[in-house]
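One structure is given below, encoded as structure tokens.
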There are 2 protein chains.
Amino acid sequence: MSSHDANTRTRILDASVRLMADRGGKGVRMGDIAKAANISRQAVYLHFTSRAELLEATTRHLDRQLNLEHRLEPSRAATTGADRLARYIEFWGNYIPEIYPVAKALLLAQDTDEAAATAWRERMQAMRDGCRAAIEALAADGDLAPQWTAERATDMLWTLLSVRNWEQLTQDCGWPASQYIQWMQTVAHRTFVAN
Amino acid sequence: MSSHDANTRTRILDASVRLMADRGGKGVRMGDIAKAANISRQAVYLHFTSRAELLEATTRHLDRQLNLEHRLEPSRAATTGADRLARYIEFWGNYIPEIYPVAKALLLAQDTDEAAATAWRERMQAMRDGCRAAIEALAADGDLAPQWTAERATDMLWTLLSVRNWEQLTQDCGWPASQYIQWMQTVAHRTFVAN
DNA sequence: TTTGCAACTTGACACAGTGTCAATTGACAC
DNA sequence: GTGTCAATTGACACTGTGTCAAGTTGCAAA
């Protein structure tokens with residue numbers, strides 16, 4: 001029965017999100033997720049062909065739960081390019097901490113798993129589109145600093161806002177999330193906005 | 001005999017560097033290194049207690065081969081803070097590509113191996129010292145942009161210059177090494193130098 | 001009531017790569 | 001000769017993923 005089916009699938013995804021959050025994404029095995037969902041390990045493979053696929057589905061599940069699209073609205077509604085850039089960074093800086101454990105698991109799986117690497121690349125490509133939109137809004141206002149092309153500026157902003165960088169600043173350097181947002185806005189503004 | 005001992009050790013390290021360079025650091029197993037050094041897999045464990053230790057020794061071996069200290073001189077000899085910053089980025093941008101395969105292997109081992117994670121952290125801490133020196137030279141000239149403290153600016157520069165960022169810009173975005181240097185200098189200058 | 005399908009369970013197994021252990025060989029030194 | 005040290009050979013434990021085959025349960029349509 002397909003409703004039963006969907007329920008089990010959802011239960012797996014919920015369990016996956018929960019475990020990732022608990023353990024910071026590290027050391028969550030297929031068997032752990034199965035156990036947390038009150039299901040056999042093999043049943044998980046009935047719904048997801050591989051760990052990578054499950055991980056990817058987990059991030060999408062989380063995006064839906066966190067209402068990703070709704071959160072992007074302030075940035076999209078901005079009236080100037082500089083404002084759009086600042087709001088995008090604010091959105092992202094508030095979003096990362098919520099997806100971090102799951103993202104981290106996907107990030108770790110990358111090294112061994114080609115499918116996970118592809119899944120991650122796709123996710124980051126979507127994030128890149130947001131960067132490009134902000135940079136292009138800036139360029140449309142004539143406010144992109146003259147040494148940049150839109151393409152290179154997008155590359156650089158995208159890199160600046162990577163999950164790894166967030167991780168390093170907040171985990172290793174101990175910055176609070178609010179400071180991450182503030183300083184990233186500062187760097188982006190000074191770097192990309194013509195003065 | 002200890003000279004024989006040292007020879008074998010060196011042979012292992014040379015083989016390790018060679019294989020890493022060939023395969024980009026990925027998928028280099030203990031057995032491969034042993035074979036390349038004309039030695040049994042177990043003999044490697046006679047010289048290095050674990051893969052992580054071997055990897056770390058490989059990076060140090062490479063630093064010596066590449067004359068790390070000598071390469072740092074231009075940056076240390078700079079007369080202004082802004083110059084020191086630019087020269088440090090230039091050094092680093094030229095250095096990363098040479099150590100990248102080995103660094104990548106150490107980076108990958110991190111996820112499974114606590115010892116590798118510690119080794120990497122130590123290496124990056126050393127790099128951080130270079131960042132701090134550049135930022136402090138800038139501050140000593142009174143040229144550090146007023147919103148920054150030396151500590152936060154160091155955090156940010158250190159993050160900006162991470163191997164992951166270099167990887168993303170040159171591998172994923174396809175920037176040539178020369179462009180990496182140029183644009184990183186641009187970002188750092190606009191971000192940290194008072195105008 | 002029977003038949004049949006679909007979701008799920010159980011248990012066993014292959015595979016990769018790391019690290020460990022024990023027994024053995026070969027060379028050189030004293 | 002005897003001791004010692006480097007190195008070899010081969011077997012094995014361990015971990016986690018993914019696969020396979022055979023059996024169970026429950027619901028549904030005939």
Side-chain angles (χ1 to χ4, degrees), chain A residues 1-16 19-20 23-58 104-119, chain B residues 1-16 19-20 23-58 104-119:
Chain A
M1 202 191 242
S2 82
S3 84
H4 191 223
D5 186 13
N7 273 335
T8 304
R9 191 187 153 91
T10 304
R11 230 170 50 235
I12 295 171
L13 291 173
D14 286 339
S16 179
L19 282 187
M20 297 288 176
R23 307 195 197 169
K26 211 160 188 166
V28 177
R29 292 157 298 189
M30 295 299 269
D32 298 334
I33 295 169
K35 201 180 292 176
N38 277 313
I39 234 177
S40 69
R41 190 171 71 92
Q42 283 58 27
V44 178
Y45 284 98
L46 258 35
H47 294 268
F48 306 93
T49 63
S50 70
R51 187 181 148 79
E53 196 185 305
L54 169 57
L55 251 31
E56 203 213 327
T58 304
K104 178 77 178 171
L106 195 51
L107 217 40
L108 289 173
Q110 259 192 113
D111 304 331
T112 42
D113 202 316
E114 200 42 53
T118 304
Chain B
M1 204 190 245
S2 83
S3 83
H4 191 223
D5 186 14
N7 273 334
T8 304
R9 191 187 153 92
T10 305
R11 232 172 47 235
I12 295 170
L13 291 173
D14 286 339
S16 179
L19 280 186
M20 297 289 175
R23 307 196 198 168
K26 211 160 190 166
V28 177
R29 293 156 297 188
M30 295 299 268
D32 297 335
I33 295 169
K35 201 177 293 173
N38 277 313
I39 235 178
S40 69
R41 190 171 71 92
Q42 282 60 25
V44 178
Y45 285 98
L46 258 34
H47 294 269
F48 306 94
T49 63
S50 70
R51 187 181 149 79
E53 196 187 304
L54 169 56
L55 251 32
E56 202 213 328
T58 303
K104 178 74 178 176
L106 195 52
L107 216 42
L108 289 172
Q110 258 191 114
D111 305 332
T112 42
D113 203 316
E114 200 42 52
T118 305

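Proteins come first, then strands; the chains are lettered A, B, ... in the order of their sequence lines, and each starts at number 1.
Atom CG of residue L108(B) and atom CG of residue L108(A) lie 11.0 Å apart, to the nearest 0.5 angstrom. One finds the NE2 atom of H47(A) at 8.5 Å from the CZ atom of R9(A) (value rounded to the nearest 0.5 Å). Between the OG atom in S16(A) and the CZ atom in F48(A) there is a gap of 8.0 Å [rounded to 0.5 Å]. The CG atom of L13(A) lies 10.5 Å from the CG atom of L55(A); values are rounded to the nearest 0.5 Å.
Rounded to whole Å, the distance from CG on L55(B) to P on dT18(C) is 10 Å. Per the geometry, CG belonging to L54(B) stands 16 Å off P belonging to dG17(C), to the nearest Å. Rounded to an integer number of Å, the gap from CD of E114(B) to P of dG19(C) is 14 Å. Summarising the geometry, the separation between CD1 on I12(B) and C1' on dT8(D) is reported as 14 Å, rounded to the nearest angstrom. For F48(B) and dA7(D), the CZ to P distance is 11 Å, given to the nearest whole Å. Nucleotide dC8(C) holds its C1' atom 17 Å from the CZ atom of R9(A), rounded to whole Å. Following rounding to the nearest Å, R23(B) (CZ) and dG17(C) (C1') show an atom-to-atom distance of 13 Å.
In this structure, the side-chain hydrogen bond (donor to acceptor under 3.5 Å, both in side chains) partners of T49(A), at least two apart in sequence or on a different chain, are E53(A). In this structure E56(B) satisfies the side-chain hydrogen bond (donor to acceptor under 3.5 Å, both in side chains) test together with R60(B), sequence neighbours excluded. In this structure, D111(B) has no side-chain hydrogen bond (donor to acceptor under 3.5 Å, both in side chains) partners at least two apart in sequence or on a different chain.
The shortest distance between the side-chain N/O atoms of T112(B) and the OP1/OP2 oxygens of dT18(C) is not below 4.0 Å. Taking side-chain N and O atoms only, H47(B) has no distance below 4.0 Å to OP1 or OP2 of dA6(D).
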For a quick check, with a 4.0 angstrom heavy-atom cut-off, what is the B/S/- contact string for nucleotides 15-20 of chain D, read 5' to 3'? -SBBBB
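Of the possible polar contacts, one joining the T58(A) side chain to the L54(A) backbone as a donor-acceptor pair under 3.5 Å is found.
With the end axes of the helix from dT1(C)-dA30(D) to dC30(C)-dG1(D) each set by five pairs, the angle from one to the other reads 20° at 10° resolution.
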Would you give me the side-chain donor-acceptor pairs under 3.5 Å for residues 33-46 of chain B, sequence neighbours excluded?
{"from": "S40(B)", "atom 1": "OG", "to": "A43(B)", "atom 2": "N", "distance (Å)": "3.3"}

